[in-house]
Amino acid sequence: GVIIFNEGQPGEGAADRRTLLLGTLGAPTVNIPVVGTTYAVGEELAAAGTTVTLVTDTESDLNRKTHNVLAESRWGDPDKVVMAGSHLDSVVEGPGINDNGSGSAGVLETALKAGLFPTKNKLRFAFWGAEELGLLGSEHYVANLSAEEKAKIKLYLNFDMIASPNYTFGIYDGDDSDGVGAPAGPAGSDQIEKLFESYFKAIGEPYTGTDFTGRSDYGPFIEVGIPAGGLFTGAEGIKTAEEAAKFGGEAGVAYDKCYHLECDTIDNINDKALRVNTGAIATATFVYAYSSQLPGG
Ligand code: PHE
Ligand code: ZN
Ligand code: ZN
Ligand code: ZN
């Protein structure tokens, strides 16, 4: 499997910033050291045949430089860019394995595999820094896109917390039809939601609509009209009895009782959720890699 270590913020527990993944997609095994995670992720992607740019950018309020890692496949129409991303940082309080080693591992595994195929559209993978400080990495990236570059990005897929121990299979409610109080996203976001729904139907797993209010790195993208979608298995919210009947797990307990806490360790991962959602990331990425009808045109 893939072993990935989160960059994290400075502080206690740095040595524990690691999570172990499955190798579901047959991606090569990588072993990334605790120190310099951002660079190590970049090196692995480069070795897999993608072009990696290390973008040193965001200046956080901790007065520390953070980094976005952007990896782009060398094949595909450069005017039709399919993006997928996850944040690589964690909060200071804990190692951040479910939040967001889980999403990062799923995206990295997909990127390592997808980089091997000549696709119709260009694939670009983002590993954001400083999400926990207020979406700084993704904000910075989107704010610095020219109008021309912006128009080439046909969709953005986001993965932040995809293996919560008391999970539901949440799909961002891009069409605002799931009653979770989110505004509808840019046109085309509904199409992404439907693709994820068809994945869960195909494998016989239940799913539900979740928050699409911009509480993760897709926020800056939908703000400028780029269609987006993604997956989320739950944070501090409490699982209802209805959800427990549908997904299993424990009603009356948080989806992730270690959300933003020291106990967000390797033990705070639901292996089934991780495997199912990593499959969803790969499926959506490959569908859009070859699609001639992308959500953003
Ligand atoms: N962005 C939140 C975090 O990193 C988690 C989250 C993701 C919350 C998606 C809601 C929806 O802590
Ligand atoms: Zn968080
Ligand atoms: Zn997060
Ligand atoms: Zn919906």
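For ligands, and for the atoms within them, numbers begin at 1 and follow the listed sequence.
- Nearest to the Zn ion (ligand 4), among the N, O or S atoms that D175 has, is OD1.
- For atom 12 (O) of ligand 1, the closest heavy atom belonging to the protein is Y259 OH, 2.6 Å.
- Ligand 1 has no N or O atom lying under 3.5 Å from any N or O atom of Y172, backbone or side chain.
- Near H87, meaning under 4.0 Å from any of its heavy atoms, are these atoms of ligand 1: 4 (O).
- Taking atom 6 (C) of ligand 1 as the reference point, the nearest protein heavy-atom neighbour is F232 CE1, 3.7 Å.
- Distances from the Zn ion (ligand 4) to the N/O/S atoms of D178 are shortest for OD1.
- For an aromatic pair to be called close, the ring centres must be under 6.0 Å apart, and Y207 with F169 fails this.
- Under a 3.5 Å cut-off, the side chain of N121 and the backbone N or O of S291 do form a donor-acceptor pair.
- The pair E236-R215 meets the salt-bridge criterion, since a charged nitrogen lies less than 4.0 angstrom from a carboxylate oxygen.
- K122 places no side-chain N or O within donor-acceptor distance of the main-chain N or O of T119, the cut-off being under 3.5 Å.
- Because the distance cut-off is set at 2.8 Å, D190 fails to qualify as a neighbour of the Zn ion (ligand 4), as none of its N, O or S atoms comes that close.
- In the hydrophobic clustering of this structure, Y288 groups with F200; members are Ile, Leu, Val, Met, Phe, Trp, Tyr whose side-chain heavy atoms approach within less than 4.5 Å, directly or through other members.
- A distance below 6.0 Å separates the ring centres of Y172 and Y218.
- Among the heteroatoms counted here (N, O or S) of D173, OD1 is the one nearest to the Zn ion (ligand 4).
- Under the 6.0 Å distance and 45° angle rule, K239 counts as a cation-pi partner of Y167.
- Counting heavy atoms under 4.0 Å from ligand 1, residue D99 touches it through the side chain alone.
- The protein heavy atom nearest to atom 1 (N) of ligand 1 is R215 O, 2.6 Å.
- If you check which protein heavy atom lies closest to atom 4 (O) of ligand 1, you get E131 OE1, 3.0 Å.
- With respect to the salt-bridge test (charged N to carboxylate O, under 4.0 angstrom), the residues K272 and E205 qualify.
- V142 and I153 fall within a single hydrophobic cluster, where Ile, Leu, Val, Met, Phe, Trp and Tyr are joined by side-chain heavy atoms under 4.5 Å apart, directly or via other members.
- With 2.8 Å as the limit, D99 counts as an N, O or S neighbour of the Zn ion (ligand 3).
- E193 has its closest N, O or S atom to the Zn ion (ligand 4) at the position named OE2.
- Taking backbone and side chain together, D160 holds an N, O or S atom under 2.8 Å from the Zn ion (ligand 3).
- Using a 4.0 Å cut-off to heavy atoms of M161, the atoms of ligand 1 that qualify are 5 (C).
- A side chain to side chain donor-acceptor pair (under 3.5 Å) with D256 is found for one member of N268, N166, T233 and no other, namely N268.
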